[in-house]
Amino acid sequence: MRLGLLTGGGDVPGLNAVIRAVVKRGEGDHGHTVIGFRNGWRGLAEGDVIELGRKNIRNVLPLGGTLLGTARYHPHSNDGGIDEVLTTLEAERIDGLIVVGGDGTLSAAQKIAEQGVKLIAIPKTIDNDVWGTDRSIGFDTAVMIATEAIDRIHTTAESHNRVMLVEVMGRTAGWIATMAGIAGGAEIVLAPERPFDIDQIIKFLKHRHRSHASFSIIVVAEGAVPAAGTNMQYETQTGRFGEIVAGSISERLRVIIEEATGFETRVTVLGHIQRGGTPTAFDRILGSRFGVAATDSISRGETGLMTALVGDDIKMIPLSEVAGKVKHVPPELLDVASALA
Ligand code: F6P
């Protein structure tokens, strides 16, 4: 079998573990030839290919990023993109395709599978918002990085008696903010799932600083928004691909909080640091398990499925049920984050 492989959308730590697993399982156990497409769907549309073998995957487990490269390119949003993809798949005689991506890449995967291409998907995104899987590759590493950052912010916040806003990624789901906020002991977590009331935040900070503390840490998901009808007007600022303009919500909050409380307030935007560097053991293991499961699934002749972590098990679920949905942070976790203020 000639097995195609691509990584699309924003990179995450743990992608190289997937590539390694697909090559080892595909070539070693199933006797497949593994063809990598560079830079996500764009490479597939443009015919940018590389045959992957053992030499390409040596020592890649601890490396962040993706050795195949990636891009924010969706064939169905570009004129003739789907036809270009189908042409390359035919020219390269690809019998099956493994696609690793987040919501955008997976929606494209569903469209390509509908064209009759044998395809299996693997979820990755530090946002952890892919529906149907308990975890997506990259999330665990991002939470670890954000938690360490909050720990470091703690000491400087306390020394200077400041309010510190720590902005993390998470456009429509506040998974990183909630989990890192709990792990790092933040006083307030602002997640898109629970729009905030700025007056309540100001009241809380004034009371806390008057009664027992001289500093506070607020973890802000980049997609956090004020609740309708409350005392703050804010429209989320986005770029070309729907990515949120880093720091915009936090900077607005900084000005409002400083003015209303008189407390010195600072912003730290973690940005792409959350997506860079060495993957945790968890993400290496998850990437390896997903890679093996996807390779076995496509080798059995299956198609239109996505690997998912459900509890401790890896399951194959229909891709059609995943595309277009968002997995939000459940209220229980949001409650824990606010209960520990
Ligand atoms: O989709 C993952 C994500 O990390 C989002 O949380 C973030 O808004 C976006 O990617 C940033 O995209 P880019 O790398 O294109 O700036």
Side-chain angles (χ1 to χ4, degrees), residues 6-15 18 39-43 64-66 68-74 77-78 99-109 121-133 135-147 149 165-181 189-193 219-225 234-252 267-280 283 286-287 306 322-329:
L6 69 84
T7 55
D11 70 339
V12 300
L15 287 173
V18 179
N39 304 323
W41 290 111
R42 173 174 293 144
T66 159
L68 278 176
T70 187
R72 290 205 187 277
Y73 170 95
H74 302 137
S77 321
N78 285 271
V99 173
V100 193
D103 52 354
T105 308
L106 297 179
S107 297
I122 295 179
K124 67 85 228 173
T125 166
I126 64 164
D127 294 353
N128 198 39
D129 58 357
V130 174
W131 191 89
T133 181
R135 288 286 174 271
S136 292
I137 302 164
F139 172 62
D140 187 70
T141 307
V143 170
M144 191 208 68
I145 294 168
T147 302
L165 294 152
V166 184
E167 184 176 303
V168 297
M169 284 184 173
R171 278 181 271 188
T172 47
W175 284 98
I176 301 175
T178 307
M179 299 300 234
V189 170
L190 303 182
E193 286 85 352
V219 178
V220 185
E222 61 184 354
V225 282
Y234 178 77
E235 191 122 328
T236 304
Q237 292 172 42
T238 53
R240 218 174 115 215
F241 293 99
E243 76 281 13
I244 291 180
V245 178
S248 48
I249 178 70
S250 299
E251 187 49 31
R252 276 292 302 283
V267 172
T268 301
V269 179
L270 296 188
H272 293 82
I273 289 170
Q274 294 159 94
R275 292 212 323 236
T278 311
T280 57
D283 277 329
L286 187 63
M306 184 187 84
V322 173
K325 289 192 201 143
V326 174
K327 186 187 67 171
H328 287 292
V329 181

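Read the numbers this way: they start at 1 and go in the same order the structure lists the ligands and their atoms.
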Would you give the length of the straight line joining atom [atom1] of [X] to atom [atom2] of [Y], rounded to the nearest 0.5 angstrom?
X	Y	atom1	atom2	answer
Arg275	Asp127	CZ	CG	8.5 Å
Leu68	Thr7	CG	OG1	5.0 Å
Leu106	Thr125	CG	OG1	9.5 Å

Please list, one pair per line, the donor and acceptor atoms closer than 3.5 Å that link side chains of residues 165-176 to other protein atoms, with sequence neighbours excluded.
unit_1	atom_1	unit_2	atom_2	d
Glu167	OE1	Gly247	N	3.4
Glu167	OE1	Ser250	OG	2.6
Glu167	OE2	Gly247	N	2.8
Trp175	NE1	Asn128	O	3.4
Trp175	NE1	Lys327	O	2.9

List of N/O pairs, ligand 1 versus protein, all under 3.5 Å?
unit_1	atom_1	unit_2	atom_2	d
ligand 1	1 (O)	Arg171	NH2	2.6
ligand 1	4 (O)	Arg275	NH1	3.0
ligand 1	6 (O)	Asp127	OD1	2.7
ligand 1	6 (O)	Asp127	OD2	3.0
ligand 1	6 (O)	Glu222	OE2	3.1
ligand 1	8 (O)	Glu222	OE2	2.6
ligand 1	10 (O)	Arg72	NH2	2.8
ligand 1	10 (O)	Arg275	NH1	3.0
ligand 1	12 (O)	Arg72	NH2	2.9
ligand 1	14 (O)	His272	NE2	2.9
ligand 1	14 (O)	Arg275	NH1	3.0
ligand 1	14 (O)	Arg275	NH2	2.8
ligand 1	15 (O)	Arg72	NE	2.7
ligand 1	16 (O)	His272	NE2	3.1

Subject >> Those residues that, when tested against Asp129, pass side chain to side chain donor-acceptor pair (under 3.5 Å) (two or more places apart) >> reply: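 Expected list: none.
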Atom pairs and distances, donor-acceptor, side-chain atoms in residues 237-246, under 3.5 Å, two or more places apart:
unit_1	atom_1	unit_2	atom_2	d
Glu243	OE1	Phe241	N	2.8

